[in-house]
Amino acid sequence: VTCWYMKAATYMQGSKIQVAFVSTNSICQGIHVGTFWKQLIEEKGVHINFAYRSFKWNNEAKGNAAVYCVIVGFAMYDKKEKFIFENNLKNTVSQINGYLLNDKNHYLESRSTPISKEIPNITIGNQLLDWDFYSFNREEKEEFLLQEPEARPYFHRFIGSKELINNIEPE
């Protein structure tokens, strides 16, 4: 669906055409805004002039899928009166950004390095890559510590999301 937005913005260049699309709400969330809306707004010169924030798409089909949509109206010019519709309320706003909020344009963008220079880069997160050569079960740990008691500070509990969420002690 984002290609339709791009195609419309290309055809609209230098005109007073206004366009609106119904889309899944994911195009106005997370890093999609930084990749998609940043290009539309900053490179193509698009102005969002009205928006219907997330609403559940309803139809009469059997087994109706739970799809959440937005409607975004835009043009190549900035209208003085802009509107955000949400929960059947119409709000007049001064600006609409790619997150469909009354706020200046700002973008969350994907990054591979931390913002702070004092924090090391995360490389692989919580992932075992030792084929269990360096993992100990309880019995192996106690047996090892009988032989090397000074190693105790170097043992750390290793848990996954299932164990953390359910307060399960790892085996």
Side-chain angles (χ1 to χ4, degrees), residues 1-129 156 158-167:
V1 74
T2 55
C3 291
W4 289 109
Y5 282 78
M6 286 293 186
K7 186 65 93 174
T10 299
Y11 284 135
M12 293 164 56
Q13 293 297 312
S15 75
K16 292 288 185 182
I17 297 171
Q18 297 181 70
V19 174
F21 288 115
V22 177
S23 311
T24 58
N25 65 355
S26 61
I27 69 162
C28 297
Q29 299 174 350
I31 63 169
H32 299 295
V33 176
T35 55
F36 171 62
W37 283 106
K38 184 176 182 179
Q39 185 176 5
L40 268 179
I41 292 168
E42 294 185 3
E43 294 177 26
K44 296 281 189 181
V46 162
H47 296 271
I48 301 173
N49 291 319
F50 78 87
Y52 281 78
R53 292 190 33 90
S54 290
F55 61 93
K56 187 174 180 187
W57 180 262
N58 291 318
N59 63 49
E60 296 178 11
K62 188 176 181 180
N64 195 353
V67 177
Y68 288 85
C69 297
V70 294
I71 301 174
V72 182
F74 61 96
M76 303 312 292
Y77 61 94
D78 200 14
K79 292 180 85 174
K80 288 192 189 316
E81 267 199 334
K82 297 174 184 281
F83 304 101
I84 295 177
F85 297 85
E86 186 170 27
N87 299 324
N88 295 322
L89 296 174
K90 178 181 176 182
N91 297 301
T92 304
V93 297
S94 58
Q95 182 172 350
I96 304 173
N97 67 19
Y99 298 98
L100 305 185
L101 298 172
N102 179 22
D103 199 0
K104 65 182 180 180
N105 292 319
H106 49 85
Y107 310 98
L108 295 176
E109 297 185 44
S110 178
R111 57 181 305 126
S112 58
T113 58
I115 295 170
S116 172
K117 303 289 185 213
E118 299 171 15
I119 298 172
N121 289 346
I122 293 176
T123 54
I124 57 169
N126 190 12
Q127 184 178 1
L128 281 177
L129 293 177
H156 299 281
F158 186 84
I159 62 170
S161 58
K162 179 180 174 184
E163 292 84 5
L164 178 67
I165 292 169
N166 297 300
N167 199 24

Evaluation steps, side chain to side chain contact (heavy atoms under 4.5 Å, CB included), between Y52 and C69: CA-CA 9 Å; Y52 281 78; C69 297; over 6 Å; no
Do any side-chain atoms of residues 84-95 form donor-acceptor pairs under 3.5 angstrom with protein atoms, and if so which ones, sequence neighbours left out?
from : atom 1 : to   : atom 2 : distance (Å)
E86  : OE1    : R53  : NE     : 3.3
E86  : OE2    : R53  : NE     : 3.2
S94  : OG     : N102 : OD1    : 3.4

Please report the shortest heavy-atom distance between [X] and [Y], naming the atom on each side.
X    : Y    : answer
V70  : S54  : CG1-N, 3.8 Å
S23  : V1   : OG-CG2, 3.8 Å
I119 : P114 : O-CG, 3.2 Å
K38  : G34  : CB-O, 3.2 Å
N49  : A75  : ND2-CB, 3.6 Å

Quick one, L108 with V33, criterion side chain to side chain contact (heavy atoms under 4.5 Å, CB included). Give me CA distance, side-chain angles, the key distance, then yes/no. CA-CA 7 Å; L108 295 176; V33 176; over 6 Å; no
So Q39 and M6, side chain to side chain contact (heavy atoms under 4.5 Å, CB included) or not? Walk me through it. CA-CA 9 Å; Q39 185 176 5; M6 286 293 186; 3.2 Å; yes
Euclidean distance, [Y] [atom2] relative to [X] [atom1], rounded to 0.5 Å:
X   : Y    : atom1 : atom2 : answer
K79 : Y77  : NZ    : OH    : 5.5 Å
Y5  : T10  : OH    : OG1   : 14.5 Å
Y99 : I27  : OH    : CD1   : 12.5 Å
E42 : Y107 : CD    : OH    : 4.0 Å
N25 : I71  : CG    : CD1   : 12.0 Å
I48 : K82  : CD1   : NZ    : 8.0 Å

Would you call the rings of W57 and F55 parallel, tilted or perpendicular, taking 30° and 60° as the class edges? tilted
Before giving the answer on side chain to side chain contact (heavy atoms under 4.5 Å, CB included), spell out for M76 and I17 the whole-Å C-alpha distance, their side-chain angles and the decisive distance to 0.1 Å. CA-CA 7 Å; M76 303 312 292; I17 297 171; over 6 Å; no
Among N105, V72, N97, which residue meets the side chain to side chain contact (heavy atoms under 4.5 Å, CB included) test with W37? V72
Verify, without hydrogens or angle tests, whether S15 (side chain) and Y11 (backbone) share a donor-acceptor contact under 3.5 angstrom. no
